[in-house]
There are 2 protein chains.
Amino acid sequence: MKRDSRLSSVLHALLHMAEQDGPVTSETLALCLGTNPVVVRRTMGYLRQAGIVTSERGHAGGWRIHADLGSVTLRQLHEALGEPATFAIGNRNETPECLVEQTVNAALEGTFAEAEALLLTRFSEITLADLASDFARRHSALRHSRNKS
Amino acid sequence: MKRDSRLSSVLHALLHMAEQDGPVTSETLALCLGTNPVVVRRTMGYLRQAGIVTSERGHAGGWRIHADLGSVTLRQLHEALGEPATFAIGNRNETPECLVEQTVNAALEGTFAEAEALLLTRFSEITLADLASDFARRHSALRHSRNKS
DNA sequence: TTTTCATGAAACAAATGATGTTACGAAAAA
DNA sequence: TTTTTCGTAACATCATTTGTTTCATGAAAA
C-alpha cells in the first residue's frame, strides 16, 4: 500500500523553513526532502492556498511561513492537504444492496470513525511550535552526547 | 488511495457462510462479493491458515466456518490477513538521518500508534456473532417495513 | 534592457501495489 | 472416468502517488 507522505513532507519542510531567516527555495527544500522541486511546489501550493505559507518569485524568492508556529496545528495542515483518506483499510463496496454487506460496512465504518476522530483530535493538539521545541531538545541532546564521547 | 478491502470481503463471505448449512463454494462467494473465485480462494486461504475456516475439494466441497461465531473477533481476522497497514498516511522516510525528520516521524508515529491501538481494541471487541445478530436485526426491520407499505 | 533566478502550471512518465484473470494440477465424489 | 472444486503460479489490469520534463511568467540583479 502506497502511503500519502505529504503531511510528513510539509512538516519536514516547514521545520527547516522555521530554522531560516529568509525564504527557502523549492530547490533547497527538494534537497532536504530527497525529491524534486516541482513536487515541493505542488505540495507547498496547498499550504499557500490555506494561507500557511507564502511564495515569492525571482531573485531571493522562495517559500516563507506566514503564520505563528504556535498557531499552526497538524490538523490544519492535514486539512490544507485536502484531508486525504486516513485508512488503508476500507469497505469493498461503499453502497451495497446486499444487507449482509451493509451490516459489515456499518460495523467497520463506526470503528474507523472512532479511530479517525481520535487521530484528528491529537492532530489538533500538536503545533509546529511543539515540533520545533522537540527538535531543539533532540538537537541539544545530540550535542551533549557528542561532547561526552 | 487504493484501500485493502480484504477484511470487508472476508466478513461478507463469513456471514453468508454462517447463513448456510453446508459448505459454500468459491464460485458462490465470488458471486456474492462481485469478484473472481480465485480471489476468494486467495483471500480465504489466509483464514484457513489461521484455522478459522476449512476447505474441501471435489463434489459438495467448498468453504466452512471452523469456529464458534462468538469466538472469532475482527482482530483475529485482521491478524489472519497479515495485519495489513492501517493508515494511508505515513512518514516519507522511515529511517531518516535528518534530525528534523526524526522529530516529525516521532510525533506522527506516536499519534498513529494511539489511533491504531484504539482501532485494534475495538476490533477485538466485535465478533462474528455480533455482526450476525446485527444482520438479523436489519433483516427483520426490513421485513416489517415491507409489511407496512 | 537583458540576464538570471525563481515560482506556476500542464502534460507526461515511472513506480507501486491491490485486484482481476488465465491456466493447469490435484483431490474427492458421483 | 468424468465432474466438481480447491491450490497455485504466472500474468494482466487498474488506480494512484510520486517523479520528470517543459515552458510561461514574474521579479530582481547586472
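Below, read A as the first sequence line, B as the second, and so on, with proteins coming before strands; counting in each chain starts at 1.
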Exercise. In whole Å, what is the span from the OH atom of A:Y46 to the C1' atom of D:dT17?
Worked result: 11 Å
For this session: Send over the distance from A:Q49 CD to C:dT7 P, rounded to a whole Å.
Result: 17 Å
Exercise. More than 12 foreign heavy atoms under 6.0 Å from CD of A:E97: is that the case here?
Worked result: no
Exercise. Would you find a donor on one side and an acceptor on the other, under 3.5 Å apart, between the side chain of B:E114 and the backbone of B:T111?
Worked result: no
Exercise. Which word best sums up how the rings of A:F112 and A:F87 line up, parallel for under 30°, tilted for 30 to 60°, or perpendicular for over 60°?
Worked result: tilted
Exercise. Do side-chain atoms of A:R48 reach the backbone of A:S55 as a donor and acceptor pair under 3.5 angstrom?
Worked result: no
Problem set entry | Backbone N/O of B:N93 and side chain of B:N91: donor-acceptor pair under 3.5 Å | no
Problem set entry | Any residue of residues 30-42 of chain A with a heavy atom less than 4.0 Å from an atom of DNA chain D | A:T35, A:N36, A:V38, A:V39, A:R42
Problem set entry | By side chain to side chain donor-acceptor pair (under 3.5 Å) - contacts of B:S8 (at least two apart) | none
For this session: Let me know, please, whether B:R92 or B:E27 comes out on the 5' side of the other along DNA chain D by nearest nucleotide.
Result: B:E27
Problem set entry | Contact under 4.0 Å: B:S5 side-chain N or O vs C:dA18 OP1/OP2 | no
For this session: Let me know the distance between CD1 of A:I89 and C1' of C:dG17, rounded to the nearest Å.
Result: 15 Å
For this session: Send over the distance from B:M44 CE to D:dC6 P, rounded to a whole Å.
Result: 10 Å
Exercise. Which of residues 55-65 of chain A have a heavy atom under 4.0 Å from DNA chain D?
Worked result: A:R57, A:G58, A:H59
For this session: Go through the steps for B:V104 and B:R92 under the test side chain to side chain contact (heavy atoms under 4.5 Å, CB included), then give the verdict.
Result: CA-CA 10 Å; B:V104 171; B:R92 177 175 186 83; over 6 Å; no
Exercise. If you measure from NE2 on B:H78 to CG on B:L120, what distance do you get to the nearest 0.5 Å?
Worked result: 6.0 Å
Exercise. Bend angle of the helix from C:dT1-D:dA30 to C:dA30-D:dT1 from five-pair axes at both ends, rounded to 10°?
Worked result: 10°
Exercise. Are OP1 or OP2 of D:dT5 and a side-chain N or O of B:S26 less than 4.0 angstrom apart?
Worked result: no
For this session: Give a yes or no answer on whether the side chain of A:R138 reaches the backbone of B:L99 with a donor-acceptor pair at less than 3.5 Å.
Result: no
Exercise. Whole-Å distance between C:dT19 P and A:N91 CG?
Worked result: 12 Å
For this session: Send over the distance from A:E94 CD to D:dA15 P, rounded to a whole Å.
Result: 16 Å
Exercise. Between A:R6 (CZ) and D:dT16 (C1'), how many Å, whole number?
Worked result: 11 Å
Side chains of residues 35-44 of chain A: which donor-acceptor partners sit under 3.5 Å, not counting sequence neighbours?
residue	atom	partner	partner atom	Å
A:N36	OD1	A:V38	N	2.9
A:T43	OG1	A:V39	O	2.9

Give every donor-acceptor pair under 3.5 Å between a side-chain atom in residues 124-135 of chain A and any protein atom, sequence neighbours left out.
residue	atom	partner	partner atom	Å
A:S124	OG	A:T121	O	2.6
A:E125	OE1	A:R122	NH1	3.2
A:T127	OG1	A:A129	N	3.3
A:T127	OG1	A:D130	N	3.1
A:T127	OG1	A:D130	OD2	3.2
A:D130	OD2	A:T127	N	2.9
A:S133	OG	A:D130	O	3.1
A:D134	OD1	A:R137	NH1	3.2

For this session: Rounded to the nearest angstrom, tell me the gap between atom CG in B:L7 and atom P in C:dT19.
Result: 12 Å
